[in-house]
There are 2 protein chains.
Amino acid sequence: MQNITDIIEAYLKQILHDEKKIEIKRQEIAERFDCVPSQINYVINTRFTIEKGYFVESKRGGGGYIRIQKIVILDSHDLLDEISRWVGNDLTEQAAEDYLVRLINEQLLTRREAILIQSLLQKESLPMALEDQRRMRAHLMQTVLQTIKRL
Amino acid sequence: MQNITDIIEAYLKQILHDEKKIEIKRQEIAERFDCVPSQINYVINTRFTIEKGYFVESKRGGGGYIRIQKIVILDSHDLLDEISRWVGNDLTEQAAEDYLVRLINEQLLTRREAILIQSLLQKESLPMALEDQRRMRAHLMQTVLQTIKRL
DNA sequence: CAAACAATAGTCAAAGATGGTCAGAGAGGT
DNA sequence: ACCTCTCTGACCATCTTTGACTATTGTTTG
């Protein structure tokens, strides 16, 4: 990681870690890192793409800028809240499995992650009366749903 | 062991003995051992294969690199059984976290997986009396340890 | 207000910096 | 001699850096 691109990428992402949106002046950044201005375009085109979850806007001319924002995928968030509502405080093993498959399909979980979670939600892992088991399973699933949002 | 291949292999493995992952510059290593760059590829292709338990990544261009990691294979079951024995049927939140970090370091879990599991083992997720909580946490951890074996 | 000028950012192709491949030469052992 | 493992170098692929030229927007001037 000694190439300028990675250094600038890290610098910008570090700021984006705190601020959820940054606005830079191409020339300023180029000067700060002692590189040509178009280097900044390269960094943005290769490291802050839409596929990587970033939205970039810019303006030329006096008072120009480049603005970078991390995209918040509302759909996923909504889906998680929706599932959370459906789950409530009662969840059967089968329903849990169905939700996990849905989360894999939505690419919010990997297959491995889902397997791990499922193993913890199966009845063998919840040594208690049936009703308590379902309440407990629902509670754990709620935790999972909230945790996914922060991953 | 007088041929360059073996010497370079030994050099890299000696570093891998301490660091669990190394990142080299092909050209640098070639210069250090006074051989052509492609010699390094030969060493990697014959001594650091996936069958021998190594995972290699690389990048070309400016700031390029070759990264070598030792991956865990069979021995992992022993570690899992060992942790299982340590856990027994009582586990505090802190101890759980420590074990998860260990599992991450041993590359048996990803960071995301560990975060998901940890969220399920924290006290907020286990609404019950403290003693029951610790017993329950231990029980869930045992499930995780067994599940990892078949991931 | 239109034209010129200033201040920015964008594009793109060439040069630079690495690593990868592969076929053939070289070396060591049986 | 023959076979296998090593070593080498020419050529290839990919990523980064640079700079000349272009496009857009804001500001000043006639």
Side-chain angles (χ1 to χ4, degrees), chain A residues 1-17 19-71, chain B residues 1-17 19-71:
Chain A
M1 158 94 82
Q2 7 53 39
N3 56 320
I4 299 189
T5 294
D6 288 342
I7 292 169
I8 297 175
E9 173 192 11
Y11 169 74
L12 295 176
K13 287 192 171 165
Q14 174 242 309
I15 294 177
L16 274 169
H17 191 61
E19 324 289 333
K20 102 193 206 184
K21 148 172 145 185
I22 51 176
E23 195 170 297
I24 60 174
K25 284 201 163 294
R26 192 176 75 150
Q27 183 60 38
E28 270 181 21
I29 301 297
E31 265 165 27
R32 173 194 292 248
F33 293 98
D34 192 34
C35 63
V36 294
S38 61
Q39 177 78 55
I40 310 306
N41 293 88
Y42 180 74
V43 172
I44 285 170
N45 292 331
T46 58
R47 306 299 156 61
F48 294 87
T49 64
I50 196 78
E51 294 81 11
K52 293 188 198 299
Y54 294 92
F55 175 61
V56 180
E57 301 169 280
S58 66
K59 201 177 82 166
R60 308 184 188 193
Y65 59 78
I66 295 178
R67 196 181 291 153
I68 309 174
Q69 288 179 258
K70 181 135 187 72
I71 295 173
Chain B
M1 158 100 70
Q2 1 55 358
N3 56 325
I4 299 191
T5 295
D6 288 340
I7 292 170
I8 297 175
E9 173 191 11
Y11 170 74
L12 295 176
K13 287 193 170 164
Q14 174 243 309
I15 294 178
L16 275 169
H17 196 266
E19 326 288 332
K20 75 176 187 202
K21 149 173 149 184
I22 51 177
E23 195 170 295
I24 61 174
K25 285 201 161 293
R26 192 176 74 151
Q27 183 60 38
E28 270 180 22
I29 300 298
E31 264 164 27
R32 172 194 293 248
F33 293 98
D34 192 34
C35 62
V36 293
S38 61
Q39 177 76 51
I40 310 306
N41 293 89
Y42 180 72
V43 171
I44 284 170
N45 292 330
T46 59
R47 308 300 151 83
F48 294 87
T49 63
I50 194 75
E51 295 80 16
K52 293 187 157 84
Y54 294 91
F55 177 61
V56 181
E57 301 169 280
S58 66
K59 199 178 85 167
R60 308 185 185 192
Y65 59 76
I66 295 177
R67 196 181 290 155
I68 308 174
Q69 286 179 256
K70 178 130 187 72
I71 56 181

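Just so it is clear: chains get the letters A, B, ... in the order the sequence lines come, proteins before strands, and each one is counted from 1.
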_Rounded distance (Å) that lies between atom C1' of C:dG19 and atom CD of B:Glu31_ = 14 Å

*At the 4.0 Å heavy-atom cut-off to chain A, mark where contacts on DNA chain D begin and end, going 5' to 3'.*
D:dC15 to D:dG26

*Are any of the side-chain heavy atoms of A:Ile15 and A:Ile24 separated by less than 4.5 Å?*
no

*Euclidean distance, atom CD1 of residue B:Ile24 to atom C1' of C:dA17 [Å, nearest integer]*: 16 Å

*Smallest separation among heavy atoms of B:Thr46 and B:Lys52, with atom names*: O-NZ, 3.4 Å

*Residues forming a side-chain hydrogen bond (donor to acceptor under 3.5 Å, both in side chains) with A:Glu19, sequence neighbours excluded*: none

*Between B:Ile68 and B:Leu16, what is the shortest heavy-atom contact and its length?*
O-CD2, 3.8 Å

_Nearest-nucleotide 5' precedence on DNA chain D, A:Lys59 against A:Thr5_ = A:Thr5

Between the protein and nucleotides 20-24 of chain C, which nitrogen or oxygen pairs come in under 3.5 angstrom?
unit_1 : atom_1 : unit_2  : atom_2 : d
C:dG20 : OP1    : B:Ser58 : OG     : 3.0
C:dG20 : OP2    : B:Asn41 : ND2    : 2.5
C:dG20 : O4'    : B:Arg60 : NH2    : 2.9
C:dG20 : N7     : B:Arg26 : NH1    : 2.8
C:dG20 : N7     : B:Arg26 : NH2    : 3.2

*Could you tell me whether B:Arg67 contacts a base, only the sugar-phosphate backbone, or nothing, with contacts defined as non-hydrogen atoms closer than 4.0 Å?*
nothing

*With nearest nucleotides of DNA chain D determined for A:Asp34 and A:Gly61 from heavy-atom distances, which residue corresponds to the more 5′ nucleotide?*
A:Asp34

*Under 4.0 Å between any heavy atoms, over every strand shown, what does B:Gly64 touch: base, sugar-phosphate, or nothing? Just pick one.*
sugar-phosphate

*Tell me: CD of B:Glu23 to P of C:dT18, nearest whole Å?*
13 Å

_Expressed as a whole number of angstroms, how long is the span from B:Asn3:CG to C:dA27:P?_
13 Å

*asked:* To the closest 0.5 Å, what do you measure between OG (A:Ser58) and CG (A:Asn41)?
replied: 8.5 Å

*A:Phe48 ring centre to A:Lys13 NZ or CZ under 6.0 Å, with the angle to the axis within 45°?*
yes

*Atom CD of A:Gln39 and atom P of C:dG10: how far apart are they, to the nearest Å?*
14 Å

_Listed partners of B:Arg47 passing side-chain hydrogen bond (donor to acceptor under 3.5 Å, both in side chains), at least two apart_ = B:Asp6, B:Glu9

*To the nearest 10°, let me know how far the axis at one end of the helix from C:dC1-D:dG30 to C:dT30-D:dA1 is tilted from the axis at the other, five pairs an end.*
10°

Name each donor-acceptor pair under 3.5 Å that joins a side chain in residues 30-39 of chain B to protein atoms two or more places apart or in another chain, with its distance.
unit_1  : atom_1 : unit_2  : atom_2 : d
B:Glu31 : OE2    : B:Gln27 : NE2    : 3.0
B:Arg32 : NH1    : B:Tyr11 : OH     : 3.4
B:Arg32 : NH2    : B:Tyr11 : OH     : 3.3
B:Gln39 : NE2    : B:Thr5  : OG1    : 2.9

*Considering residues at least two apart in sequence or located in another chain, which fulfil the side-chain hydrogen bond (donor to acceptor under 3.5 Å, both in side chains) criterion with A:Glu23?*
A:Arg67

_What is the distance, to the nearest angstrom, from the CZ atom on A:Phe48 to the P atom on C:dG10?_
14 Å

*asked:* Tell me whether B:Lys25 contacts the main-chain N or O of B:Gly64 through its side chain, where contact means a donor paired with an acceptor under 3.5 Å.
replied: yes

*Indicate, with a heavy-atom threshold strictly under 4.0 Å, whether B:Ile4 touches base, sugar-phosphate, or nothing.*
sugar-phosphate

*Heavy atoms only: give me the nearest A:Gln2-A:Ile7 pair and the separation to one decimal.*
O-CD1, 3.7 Å

